[in-house]
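Reading through the structure tokens given below for one structure.
What's counted below: heavy atoms across the whole structure, side chains too, no hydrogens, waters or symmetry copies. Letters A, B, ... are given to chains in the order of the sequence lines, protein chains preceding strands, and every chain is numbered from 1.
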There are 2 protein chains.
Amino acid sequence: MPENARMAARTKTPAAPAGSSADPADHQPPEGFLAEFLGAQNAQLGLRERKKQATRNAIRKATYALIEEQGYEATTIEQIARDADVSPSTVFRYFATKEDIVLTDEYDPIMLEVLRERPAGEPPLSSLRFLLTEAVKAVAAHEPEELKQRSRLIVEVPAVRARMTETMAQTSQALSVVLAERTGREPDDLDVRMFTAAVLGALREAMIYWGEHEFEEDLLTVVLRTFDLFERGLTL
Amino acid sequence: MPENARMAARTKTPAAPAGSSADPADHQPPEGFLAEFLGAQNAQLGLRERKKQATRNAIRKATYALIEEQGYEATTIEQIARDADVSPSTVFRYFATKEDIVLTDEYDPIMLEVLRERPAGEPPLSSLRFLLTEAVKAVAAHEPEELKQRSRLIVEVPAVRARMTETMAQTSQALSVVLAERTGREPDDLDVRMFTAAVLGALREAMIYWGEHEFEEDLLTVVLRTFDLFERGLTL
DNA sequence: GAAAAACTTGACAGTCACTCTCACTTGAGA
DNA sequence: TCTCAAGTGAGAGTGACTGTCAAGTTTTTC
């Protein structure tokens with residue numbers, strides 16, 4: 001069920017055959033290298049860990065289905081638990097809040113890793129541009145439907161939006177630490193923190209805009225516009 | 001985390017008469033013109049309205065006192081209601097969420113008014129700089145203790161921080177509309193929205209930084225640093 | 001391969017923010 | 001003074017979330 005999506009991501013790259021890599025991976029990795037990290041993980045994991053993954057996915061899948069059918073507010077944890085064949089306690093063991101069931105993704109640690117490996121002199125803004133456009137590409141390719149449903153919820157349900165903002169703020173913090181390191185500053189340098197917060201704040205807005213406008217444009221396009229604006233020094 | 005899908009329900013805020021600044025009740029010190037608006041309001045209001053103000057203040061006061069003494073989480077609505085001499089129902093009539101009791105301020109409509117009256121050609125960034133530094137000055141002068149306690153809560157209590165972020169996002173939206181108007185764009189122009197979101201995102205970070213560092217610097221100083229960063233084109 | 005250790009789960013009871021309804025009171029205006 | 005709208009308290013929910021404990025299940029150890 002949920003595994004197929006995961007497996008598909010692992011073996012995918014439908015455009016370019018996996019075995020014979022036509023491109024010698026210069027600095028522009030093939031479509032969504034981020035996604036590969038994900039699949040690579042549950043290769044040879046213990047039974048316990050695999051079961052956990054399955055439960056997690058079952059909960060998320062049940063949640064998305066229920067919300068699709070009856071809306072966010074009307075969907076209770078009890079219903080989710082029933083449909084996912086677990087107890088309500090278990091749902092809360094996997095997700096701290098109801099919003100998290102919808103929002104949680106696990107790209108963060110990967111992004112940090114990738115950020116650390118960017119060329120030494122690269123300007124922070126360029127690093128972020130690379131990171132975030134790649135992330136968007138990966139998500140858009142990996143789970144396009146979830147992405148839209150999630151955006152819809154972010155626009156419509158204040159609690160979900162608030163929770164997303166909070167997780168973005170956490171991401172911002174983590175990115176700041178690495179950026180500070182890369183530019184030789186204290187880990188909690190105010191300028192770096194404000195810079196990162198500004199970028200992520202603008203991206204949040206871009207994402208909401210995208211959802212409000214019924215996904216007319218590509219999300220990637222909107223994100224690129226964000227970075228263009230920053231590259232112009234944020235002059236209006 | 002509780003669901004706060006309501007909000008917006010409250011906020012009546014009288015429509016700030018633009019020219020009628022002839023206030024007979026002038027018991028408020030003239031620091032920061034923003035503060036004046038506030039005092040001017042409950043001058044000659046009906047008994048009903050004055051009672052409402054009193055109730056509102058009683059609730060806030062009780063809340064701050066209880067939190068001071070036993071912490072945010074440990075403070076329940078029931079306790080607040082008891083101390084403020086009202087029923088729990090009434091507390092919720094005045095504040096949509098528990099967080100709002102701590103956060104609510106009514107500067108927003110004033111800021112919009114002031115923004116509209118800024119000189120025509122002024123660059124958006126300068127307008128925002130003026131607005132927000134004035135707002136900070138006003139709050140710092142008007143209720144310095146609340147400001148600190150609030151900042152402490154914002155740093156320590158995720159729910160409060162999330163709620164503040166959400167209200168800042170609303171402010172951002174409102175400011176964007178006016179800024180768009182002033183620069184001759186569509187009301188929901190993406191660039192303007194991203195710009196405003198970036199500025200407010202950075203300010204949020206600055207405020208948290210200020211709280212995390214035990215208020216070593218002036219809040220105003222930190223805010224000015226934010227605008228300086230933007231004026232330098234956000235180059236790190 | 002069995003027993004111990006470590007982890008995961010469901011059941012259950014409880015707390016608390018928040019909603020809704022309804023009868024009652026109080027201030028405003030005629 | 002009378003009338004009506006607005007504000008209030010009481011009370012009965014709902015549902016997210018927490019904590020605890022006994023009963024499984026997987027992993028580790030000998």
If only atom types and distance count, is the side chain of Thr104(B) paired as donor or acceptor with the main-chain N or O of Ile101(B) below 3.5 Å? no
Under a 4.0 Å heavy-atom criterion, the protein footprint on nucleotides 20-30 of chain C, written with B, S and -, is ------BBS--
Under the salt bridge (Lys or Arg N to Asp or Glu O under 4.0 Å) rule, what pairs show up with a residue in residues 77-86 of chain B, not counting sequence neighbours? none
Check each residue of residues 73-82 of chain B for a non-hydrogen atom within less than 4.0 Å of any atom in DNA chain C, then write out the ones that pass by number, or none. Thr75(B), Thr76(B), Ile77(B)
Using five base pairs at each end, measure the axis-to-axis angle across the helix from dG1(C)-dC30(D) to dA30(C)-dT1(D) and round it to 10 degrees. 20°
Without swapping roles, check the side chain of His213(A) against the backbone of Tyr209(A) for a donor-acceptor pair under 3.5 Å. yes
I need the CD-P distance between Gln53(A) and dT26(D), as an integer number of Å. 16 Å
Over how many whole Å does the gap from Gln70(A) atom CD to dG15(D) atom P extend? 11 Å
Comparing Phe92(A) with Thr90(B), nearest DNA chain D nucleotide closer to 5' gives the residue Thr90(B)
If we ignore hydrogens and angles and just use 3.5 Å, is the side chain of Ser172(B) paired with the main-chain N or O of Met168(B) as donor and acceptor? no
Length of the CZ-C1' vector between Phe95(A) and dT9(C), whole Å: 16 Å
Is there any salt bridge (Lys or Arg N to Asp or Glu O under 4.0 Å) pair reaching into residues 203-216 of chain A, and which pairs are they, with sequence neighbours excluded? Glu205(A)-Arg193(B), Glu212(A)-Arg193(B)
Determine whether a donor-acceptor pair (N or O, by modelled atom type, separation under 3.5 Å) exists between the side chain of Thr75(A) and the backbone of Gly71(A). yes
Check side chain to side chain donor-acceptor pair (under 3.5 Å) between Ser89(A) and all other residues, then give those that pass, not counting sequence neighbours. none
Which is true for Tyr94(A) with a 4.0 Å heavy-atom rule: it touches a base, it touches only sugar-phosphate, or it touches nothing? sugar-phosphate
Has Lys98(A) got a side-chain atom pairing as donor or acceptor with Tyr72(A)'s backbone, closer than 3.5 angstrom? yes
Check for a donor-acceptor pair, side chain of Thr90(B) on one end and backbone N or O of Val86(B) on the other, with a separation under 3.5 Å. no
Measure the distance from NZ on Lys52(A) to P on dT27(D) and round it to the nearest whole Å. 11 Å
For Ala159(B) and Glu99(B), which heavy atoms make the closest approach, and how far apart are they? O-CG, 3.6 Å
Tightest non-hydrogen contact, residues Trp210(B) and Glu217(B), listed as NE1-O, 2.8 Å
Nearest whole Å is fine: how far is dT25(D) C1' from Arg50(A) CZ? 14 Å
